[in-house]
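Notes for the one structure printed next.
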Amino acid sequence: MPTQSKPRAYSVKAYATSGAKAPLGATTISRREPTETDVQIDILYCGVCHSDLHFVRNEWGFTQYPAVPGHEVVGRVRAVGAGVKKFKAGDLVGVGCLVDSCRTCPDCRAGLEQFCPEMVMTYGSADKHLGGGTLGGYSQGIVVTEEFVLRIPANLSAAAAAPLLCAGITTYSPLRRWKVGPGQKVGIVGLGGLGHMGLKFAHAFGAHVVLFTTSPGKSADARRLGAHEVVVSKDEAQMAAQAGSFDFILDTVSAPHDMNAYLGLLKRDGNLVLVGAPSEPFAVAAFPLIMRRRSFSGSLIGGLPETQEMLDFCGQHGITSDIELIRMDQVNEAYERMLKSDVKYRFVIDMASLK
Ligand code: NAP
Ligand code: ZN
Ligand code: ZN
């Protein structure tokens, strides 16, 4: 049997961790030389998602090291394989949480690649080209098959568009799926990276939007970002005043918290959708659910067609993320600030700083 030749590879600079307790530091990683269907991208910006932090600290229990996080990538196409039709050198493009999938299963055929049993995440999946694990966007470059590369509308700031690739689609998708719109009262829980995009989208879709926050100091920002009302969730009287009044609540919180407090705020048939991903299980009481036929659901990023739809929607409506641009060597400090809920409202790494 002929032995398969190892694909050719080249080196790029990156930031990686060697273990759950190790900080991120400079390293060099391999990328495959672009194949016929690949797009080779020079990364300009990469957003810092709380999932990056959960992952590098092995909070979900499946991290393999070395780990290079980053799945909110915006960059410029350096070169394309001979068979690539949609992109050419110089295009401004994005890469989100997925870099491949089987393309044939019912989920892939429905454009819901995020549920494909063989989906390949941008980091933390098996790399079928080079072996080892896939390595993410805290790096100078990445090579991705054409079908998983997205177009960034030309009118958007490249840096402020980066968080759309995860925080954007993760909030856009459930708001669209459950048809949030005019006449509905919608809650967004947590004002971080996901939460601030949730506010912008729910507002743009015409709903009456209420932000729930543990940080009273974020109230003015929340209103500027699209909230019609702000509720400090630690204040029992403020929470009680909202009881039974919501059609839909989107929970973006990254840490354990009381889910029953939010289930009780839903109307009959209301839906609480979880996108936050703390590692600990929630205690969900039976009565708040069964007494008013409420639902408790989850949602995971979005498929490729919907991610492009979201980017185009953002282009048409001038929506981007509110960002704090950082150097690559500030990322460990940014993680500590994220843990203190001190993000306004997404850190984005300027990859020009990774020299
Ligand atoms: P983030 O920027 O750190 O924001 C999380 C926000 O949650 C904080 O700013 C804070 O808002 C609130 N919060 C934090 N600790 C809290 C606590 N103990 N109790 C109540 N509220 C608290 O994080 P992110 O990047 O938006 O990500 C949020 C979560 O979504 C993470 O778990 C991440 O892994 C997950 N995620 C899921 C998907 C998906 O597809 N489902 C995609 C991306 C990310 P306030 O200060 O306003 O309270
Ligand atoms: Zn993310
Ligand atoms: Zn599939």
Side-chain angles (χ1 to χ4, degrees), residues 46-57 59-60 69-73 96-98 100-124 136-137 147 162-174 188-199 211-219 221-222 225 227 230-234 250-259 261-262 273-280 297-304 307 321-324 334-347:
C46 185
V48 176
C49 180
H50 206 113
S51 298
D52 300 350
L53 188 158
H54 290 309
F55 178 75
V56 297
R57 298 191 179 179
E59 291 175 2
W60 295 325
H71 57 206
E72 292 184 339
V73 171
C97 303
L98 301 173
D100 210 346
S101 70
C102 85
R103 326 232 189 146
T104 56
C105 74
D107 296 316
C108 286
R109 286 206 303 269
L112 296 168
E113 297 87 352
Q114 74 273 34
F115 303 120
C116 172
E118 292 174 40
M119 60 128 164
V120 182
M121 293 182 298
T122 305
Y123 58 81
E147 300 302 327
L164 300 177
L165 277 309
C166 176
I169 184 58
T170 301
T171 49
Y172 181 95
S173 183
I188 304 290
V189 188
L191 189 54
L194 268 56
H196 94 290
M197 292 313 304
L199 285 185
L211 175 78
F212 294 92
T213 182
T214 59
S215 311
K218 293 180 182 173
S219 293
D221 282 349
L225 293 162
V230 178
V231 172
V232 176
S233 53
K234 292 173 187 160
L250 186 66
D251 187 327
T252 76
V253 172
S254 51
H257 58 287
D258 180 14
M259 207 47 75
Y262 293 100
V273 175
L274 182 68
V275 286
S279 48
E280 301 80 358
S297 318
S299 188
L300 176 70
I301 48 173
L304 271 293
T307 305
S321 188
D322 285 35
I323 65 161
E324 185 174 334
Y335 277 18
E336 293 312 313
R337 283 184 52 195
M338 193 153 63
L339 283 173
K340 291 187 208 134
S341 301
D342 178 22
V343 190
K344 291 195 174 148
Y345 281 88
R346 193 59 135 190
F347 294 111

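Both counts, for ligands and for their atoms, begin at 1 and track the order of listing. Side chains included, hydrogens not; waters and symmetry mates left out as well; all remaining heavy atoms used. It should be emphasised that the depicted structure is a prediction, and the values quoted were computed from it without experimental measurement.
Distance CD1/Ile188 to CG/Leu225: 11.5 Å, rounded to 0.5 Å. Interatomic distance, CE of Met121 versus SG of Cys97, reported as 9.0 Å (0.5 Å rounding). The OG atom of Ser254 lies 9.0 Å from the CD atom of Glu59; values are rounded to the nearest 0.5 Å.
Remark: distances from the non-hydrogen atoms of Phe347 to ligand 1 are all 4.0 Å or more. The shortest heavy-atom distance from Arg346 to ligand 1 is under 4.0 Å.
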| request: Could you walk me through whether Leu194 and Val275 pass side-chain contact (heavy atoms from CB on, under 4.5 Å), step by step? | output: CA-CA 9 Å; Leu194 268 56; Val275 286; 3.9 Å; yes
| said: If you apply the rule side-chain hydrogen bond (donor to acceptor under 3.5 Å, both in side chains), what do you find for Ser321 with His196, and how did you get there? | reply: CA-CA 8 Å; Ser321 188; His196 94 290; 3.0 Å; yes
| request: Test Glu113 against Arg103 for salt bridge (Lys or Arg N to Asp or Glu O under 4.0 Å), laying out the working first. | output: CA-CA 8 Å; Glu113 297 87 352; Arg103 326 232 189 146; over 6 Å; no
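Inclusion of Gly193 in the set of residues having an N or O under 3.5 Å from an N or O of ligand 1 is warranted. Between Leu300 and ligand 1, not a single N/O pair is under 3.5 Å apart. At under 3.5 Å, a nitrogen or oxygen of Ser299, whether backbone or side chain, sits near a nitrogen or oxygen of ligand 1. The distance criterion of under 3.5 Å between nitrogen or oxygen atoms is not met by His257 with respect to ligand 1. Considering backbone and side-chain N/O of Leu194, one or more are found under 3.5 Å from N/O of ligand 1.
Among Gly198, Ala222, Ser173, Gly190, the residue whose heavy atom lies nearest to atom 12 (C) of ligand 1 is Gly190. The residue among Gly47, Gly195, Ser341, Ala167 with a heavy atom at the shortest distance from atom 8 (C) of ligand 1 is Ser341.
When hydrogens are left out, the protein atom nearest atom 32 (O) of ligand 1 is His54 NE2, 2.8 Å; that is the closest non-hydrogen contact. Among protein heavy atoms, atom 28 (C) of ligand 1 sits closest to Thr252 O, 2.9 Å. The protein atom (non-hydrogen) at minimum distance from atom 46 (O) of ligand 1 is Ser215 OG, 2.5 Å. In this structure, the protein non-hydrogen atom closest to atom 20 (C) of ligand 1 is Thr214 CG2, 3.4 Å. Taking atom 39 (C) of ligand 1 as the reference point, the nearest protein heavy-atom neighbour is Thr170 CG2, 3.4 Å. What sits closest to atom 11 (O) of ligand 1 on the protein, heavy atoms only, is Leu191 N, 3.2 Å. When hydrogens are left out, the protein atom nearest atom 23 (O) of ligand 1 is His50 CB, 3.1 Å; that is the closest non-hydrogen contact. Closest protein heavy atom to atom 21 (N) of ligand 1: Val253 CG1, 3.4 Å.
Counting atoms of ligand 1 from 1 in the listed order, those under 4.0 Å from a heavy atom of Thr213 are 45 (P), 46 (O), 47 (O), 48 (O). Annotation for ligand 1: atoms under 4.0 Å from non-hydrogen atoms of Gly192 are 2 (O), 4 (O), 9 (O). Close approach to Val275 involves these atoms of ligand 1, each under 4.0 Å from a residue heavy atom: 30 (O), 35 (C), 36 (N), 37 (C), 38 (C), 39 (C), 41 (N). Close contacts of ligand 1 with Cys166, meaning ligand atoms under 4.0 Å from a residue heavy atom, involve 42 (C), 43 (C). Taking every non-hydrogen atom of Trp60 and a distance limit under 4.0 Å, the qualifying atoms of ligand 1 come out as 34 (O). Residue-ligand proximity, Ile301 to ligand 1, at heavy-atom distances under 4.0 Å covers atoms 39 (C), 40 (O).
Leu53 has its side chain within reach of Met338: a pair of non-hydrogen atoms, C-beta onward, lies under 4.5 Å apart. Proximity of Cys49 to Arg346: side-chain heavy atoms (C-beta onward) are separated by under 4.5 Å at one or more points. In this structure the side chain of Leu98 reaches within 4.5 angstrom of the side chain of Ile301, judged on heavy atoms. Looking at Val189 and Thr252, their side chains never come closer than 4.5 Å, going by heavy atoms from C-beta outward. Contact check for Met119 versus Cys108: no side-chain heavy atoms found under the 4.5 Å cut-off. Looking only at side-chain heavy atoms (C-beta outward), Asp52 and Glu72 stay at 4.5 Å or farther from each other. You'll find the side chain of Val343 stays beyond 4.5 Å of the side chain of Val48, heavy atoms only. Here the side chains of Val230 and Thr213 are in contact, with some heavy-atom distance below 4.5 Å.
Applying the ring pair (Phe, Tyr, Trp, His ring centres under 6.0 Å) test to Tyr172 and every residue at least two apart in sequence or in another chain returns Phe201, Phe205, Phe313. A search for ring pair (Phe, Tyr, Trp, His ring centres under 6.0 Å) contacts involving Tyr123 returns Phe55, His71, not counting sequence neighbours.
Using a 4.0 Å cut-off between heavy atoms, Ser254 contacts ligand 1 through both its backbone and its side chain.
There is a side-chain donor-acceptor pair under 3.5 Å between His257 and Asp251.
Using cut-offs of 30° and 60° on the angle between ring planes, the pair Tyr262 and Phe212 is perpendicular.
The Zn ion (ligand 3) has Cys102 SG, Cys105 SG, Cys108 SG, Cys116 SG as its protein N, O or S neighbours under 2.8 Å. Around the Zn ion (ligand 2), the protein contributes the following N, O or S atoms under 2.8 Å, ordered by chain and number: Cys49 SG, His71 NE2, Cys166 SG.
Across all their heavy atoms, Val253 and Pro278 have their closest contact at O-CD, 3.7 Å.
Note: Tyr335 and Phe347 fail the aromatic proximity criterion, with ring centroids not under 6.0 Å apart.
Residue-environment remark: CD (Glu118) stays at or below the threshold of 12 foreign heavy atoms within 6.0 Å.
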